[in-house]
There are 2 protein chains.
Amino acid sequence: MKRKITLKQIARELNVSISTVSKALRDNHEISKETADKIKAFAKQNNYRPNNIALSLKNRKSMTIGVIIPDITHHFFSKVIKGIEKIANKQGFNVIIGLSNDSFDKEVLNMEMLANGSIDGFIISISNDTQLKQDYHHLAETMNQGMPIVMFDRFSNETICDKVIVDDFDGGRKATKKLLEIGCKHIAIISTEDFVSVSRHRLQGYLEALDNHKITPKSSLITKISEGADIEKEVNQLFDSNKKIDGVFAVNEIFAITAMKVARQRGLRVPEDISVIGFSDGLLSKHCSPSLTTISQHAVKMGEKSAELLMKRLENESEEEELPRTIVIETSLIERESTR
Amino acid sequence: MKRKITLKQIARELNVSISTVSKALRDNHEISKETADKIKAFAKQNNYRPNNIALSLKNRKSMTIGVIIPDITHHFFSKVIKGIEKIANKQGFNVIIGLSNDSFDKEVLNMEMLANGSIDGFIISISNDTQLKQDYHHLAETMNQGMPIVMFDRFSNETICDKVIVDDFDGGRKATKKLLEIGCKHIAIISTEDFVSVSRHRLQGYLEALDNHKITPKSSLITKISEGADIEKEVNQLFDSNKKIDGVFAVNEIFAITAMKVARQRGLRVPEDISVIGFSDGLLSKHCSPSLTTISQHAVKMGEKSAELLMKRLENESEEEELPRTIVIETSLIERESTR
DNA sequence: TTACTTTTCGCAATCGTTTTCGTGTTTAAA
DNA sequence: TTTAAACACGAAAACGATTGCGAAAAGTAA
């Protein structure tokens with residue numbers, strides 16, 4: 001139950017001043033080898049470690065970065081965190097997590113909680129709620145206070161900061177192109193509501209791919225499922241509204257797997273009768289059967305890049321501001337069993 | 001690029017002392033209403049917020065809890081974190097994450113990094129590596145310094161602290177009992193190596209259930225797959241060594257799903273010819289097909305309980321030590337399509 | 001011995017707060 | 001008018017660490 005030992009206690013015990021102890025432990029030349037050795041020995045014996053909080057206050061930096069994400073149980077986000085943690089830890093930074101739960105208010109609250117000295121910078125993927133409200137003042141204010149922000153995946157155009165984004169447009173195009181190439185004629189897309197930026201971009205990629213093949217998109221092939229809706233029901237409606245569907249591009253794993261399930265219930269074989277491509281390469285895609293052909297976003301790499309960007313900005317503090325960078329992570333198509 | 005405003009700046013601006021500002025903002029009666037109002041107005045206008053780091057140093061607590069887990073991309077752990085975060089946030093605590101990556105060294109490093117003032121207490125699930133080495137000195141030392149620890153899921157008996165554990169023994173028994181009840185005669189278990197405590201307990205539960213039904217366990221029905229091994233190959237060997245298998249209890253989702261896959265490859269129908277039960281209720285279990293009957297550990301609840309235990313201990317600091325508590329979270333069987 | 005340099009250490013400021021205590025001013029009671 | 005109480009505010013210490021600077025002690029040269 002003994003508290004951690006401090007410089008003051010070492011100083012008192014050894015009858016020297018606090019500054020002597022501090023200097024000795026940091027190998028300052030002002031201290032004689034004799035004294036330094038004595039102090040070091042005592043410190044080691046008592047397992048002295050400088051108090052991080054005191055250092056943070058003195059240096060005005062906490063060596064901690066704050067990560068705000070909508071949902072940690074979402075596999076994509078946990079992979080991003082893994083990447084962030086890896087890079088941050090390597091450079092001696094800690095990672096503190098804030099969950100917005102896809103609520104604007106909680107996102108703001110979390111940021112305010114952390115922005116008062118606890119952290120040196122943010123890495124954030126904004127909530128759907130925030131994208132819906134289009135209210136980004138908390139980001140602007142935070143940056144105004146000199147706290148750097150890196151946005152990843154879900155971002156807002158009006159916030160001027162470093163960004164690490166997925167080329168969702170190209171991902172959507174890639175997936176659709178693949179379906180076209182293997183001979184699909186009636187390709188449906190299962191997306192979310194339009195205000196979710198990433199889904200919107202994937203849909204645009206889908207349209208672009210169709211256009212490249214001189215195919216006119218049909219509204220009966222496009223479905224947008226809103227948060228909390230009954231996915232299976234919606235997918236069934238999609239299949240009802242167009243009986244000729246022979247290819248499905250879903251903007252996430254759950255939608256894709258539900259599509260396969262519904263297709264099978266309707267007597268369609270995957271991939272013989274219908275091919276399915278999902279988005280984001282999680283456990284589900286790999287282990288469901290048939291395993292899912294999908295667009296990988298390289299989540300871990302996104303986390304790594306985000307952390308690198310942030311820490312680079314934290315390094316050259318006093319120097320003049322560098323221009324914000326945007327790193328685009330290319331997607332890649334992972335072929336599995338759900339496409340023929 | 002203006003820094004956050006401090007008490008000192010407010011004081012200078014308003015020609016009062018720092019202490020007057022502090023007192024005014026905290027509604028101390030010593031300050032006249034007139035002065036207080038003026039200060040409050042100025043503070044609000046300039047969006048003053050006390051610096052967390054300074055408060056941490058002064059109060060000797062950081063209002064932050066450290067969570068050390070082996071792998072955040074593991075769905076079980078991310079759900080636990082969700083539970084922790086929910087409770088912690090409600091009480092004004094932040095959550096800082098350390099990933100051990102199932103390495104003993106990184107676990108120790110992470111703890112040392114955080115234990116120097118950054119956090120007020122730990123919630124930890126130890127790494128497999130640590131369980132293998134059976135070296136728990138870092139936990140003991142941390143507690144020795146007055147830092148409370150709550151262990152969850154994977155724990156060590158020799159560490160005396162609050163614990164939130166799954167009744168893995170009962171979970172294993174429940175699953176096996178279910179398989180017996182639906183008529184399985186040759187029930188295999190797919191587990192991991194013995195040093196992983198949770199797997200060991202589940203295996204014991206399996207044996208207990210067999211014993212209750214007066215069935216002698218066969219070694220040909222018990223397989224233990226080590227880290228990094230080719231799961232599919234191992235499962236195939238299991239099916240080779242005993243052709244009569246009509247029920248499988250797997251200690252995790254991946255093993256269970258692989259078992260279903262291998263079974264199907266061998267012409268066995270799930271659940272008509274063979275029933276499968278997994279462990280831990282993740283996305284995979286819910287969305288694979290046939291969907292997986294599984295033992296749920298109630299991960300979110302575990303996180304909540306862990307956070308509650310830790311914060312309760314942080315509250316009554318100076319009081320005499322309360323005895324360590326162990327909370328056992330009961331498992332429950334979730335029936336889906338993989339059992340008949 | 002004197003003067004000057006070098007070595008070795010402590011003082012004090014600083015980071016941003018909170019809080020105890022002291023002090024000067026005002027007000028009310030005697 | 002004197003005295004005590006009430007009021008309003010500031011100085012300073014504390015949390016734990018770092019660091020520039022001044023000063024004492026020791027060493028060196030003349």
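Residue numbers start from 1 in every chain, and the chains themselves are labelled A, B, ... in the order their sequence lines are given, proteins ahead of strands.
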TODO: Quickly work out the Glu30(B) CD to dT23(C) P distance and round it to whole Å.
DONE: 15 Å
Task: Distance in Å, Thr326(A) OG1 paired with Met151(A) CE, rounded so as to fall on 0.5 Å steps - done: 10.5 Å
Task: Atom pair distance, as rounded to whole Å: CD1 in Ile31(A) and C1' in dT6(C) - done: 15 Å
TODO: Could you tell me whether the phosphate oxygens of dG16(C), OP1 or OP2, come under 4.0 Å of any side-chain nitrogen or oxygen in Ser22(B)?
DONE: no
Task: Atom-to-atom span, CG of Asn116(B) to C1' of dC15(D) - whole angstrom - done: 16 Å
Open item on the list: Are Asp153(A) and Met302(A) packed together at the side-chain level, in the sense that at least one heavy-atom pair is separated by less than 4.5 angstrom?
Closed with: yes
Task: Atom of Asn47(B), atom of Gln145(A) and distance for their closest heavy-atom approach - done: ND2-OE1, 3.7 Å
- [ ] Determine the contact category for Ile18(A): base if any of its heavy atoms lies under 4.0 Å from a base atom, sugar-phosphate if only primed atoms, P, OP1 or OP2 are that close, otherwise nothing.
- [x] base
Open item on the list: What is the distance, to the nearest angstrom, from the CG atom on Leu55(B) to the C1' atom on dC15(C)?
Closed with: 13 Å
- [ ] Provide, to the nearest angstrom, the distance between the NZ atom belonging to Lys23(B) and the P atom belonging to dG22(C).
- [x] 13 Å
Open item on the list: Tell me if the side-chain of Lys58(A) makes a donor-acceptor pair with the base of dG16(C), cut-off 3.5 Å, by modelled atom types.
Closed with: no
- [ ] Using whole Å, report how far CG of Leu14(B) lies from C1' of dG10(D).
- [x] 15 Å
Open item on the list: Once hydrogens and angles are ignored, does a donor-acceptor distance under 3.5 Å link the base of dA11(D) to the side chain of Ser19(B)?
Closed with: yes
Open item on the list: Without decimals, in angstroms, what is the distance between Asn59(B) CG and dT19(C) C1'?
Closed with: 11 Å
Open item on the list: If the cut-off is 4.0 Å, is Arg60(A) near the phosphate of dT14(C), judged by side-chain N/O to OP1 or OP2?
Closed with: no
TODO: Just say parallel, tilted or perpendicular for the rings of Phe76(B) and Phe152(B), cut-offs at 30° and 60°.
DONE: tilted
Open item on the list: Please confirm whether the shortest side-chain N or O distance from Tyr48(B) to OP1 or OP2 of dT17(C) is below 4.0 Å.
Closed with: yes
Open item on the list: Any side-chain N or O of Arg49(B) below 4.0 angstrom from OP1/OP2 of dG16(C)?
Closed with: no
Open item on the list: Check the phosphate of dT17(C) against Lys8(B), side-chain N and O only, distance under 4.0 Å to OP1 or OP2. Yes or no?
Closed with: no
Open item on the list: Regarding dT7(C), can its base be found pairing with the side chain of Lys33(A) as donor and acceptor, where the two atoms are less than 3.5 Å apart?
Closed with: no
- [ ] Nearest whole angstrom, please: distance from the P of dA13(C) to the CG of Leu57(A).
- [x] 17 Å
- [ ] Give a yes/no on whether any side-chain N or O of Thr35(B) is located under 4.0 angstrom from OP1 or OP2 of dC9(D).
- [x] yes
TODO: Grab the two heavy atoms, one from Leu114(B) and one from Gly66(B), that are nearest each other, plus how far apart they are.
DONE: CD1-CA, 4.5 Å
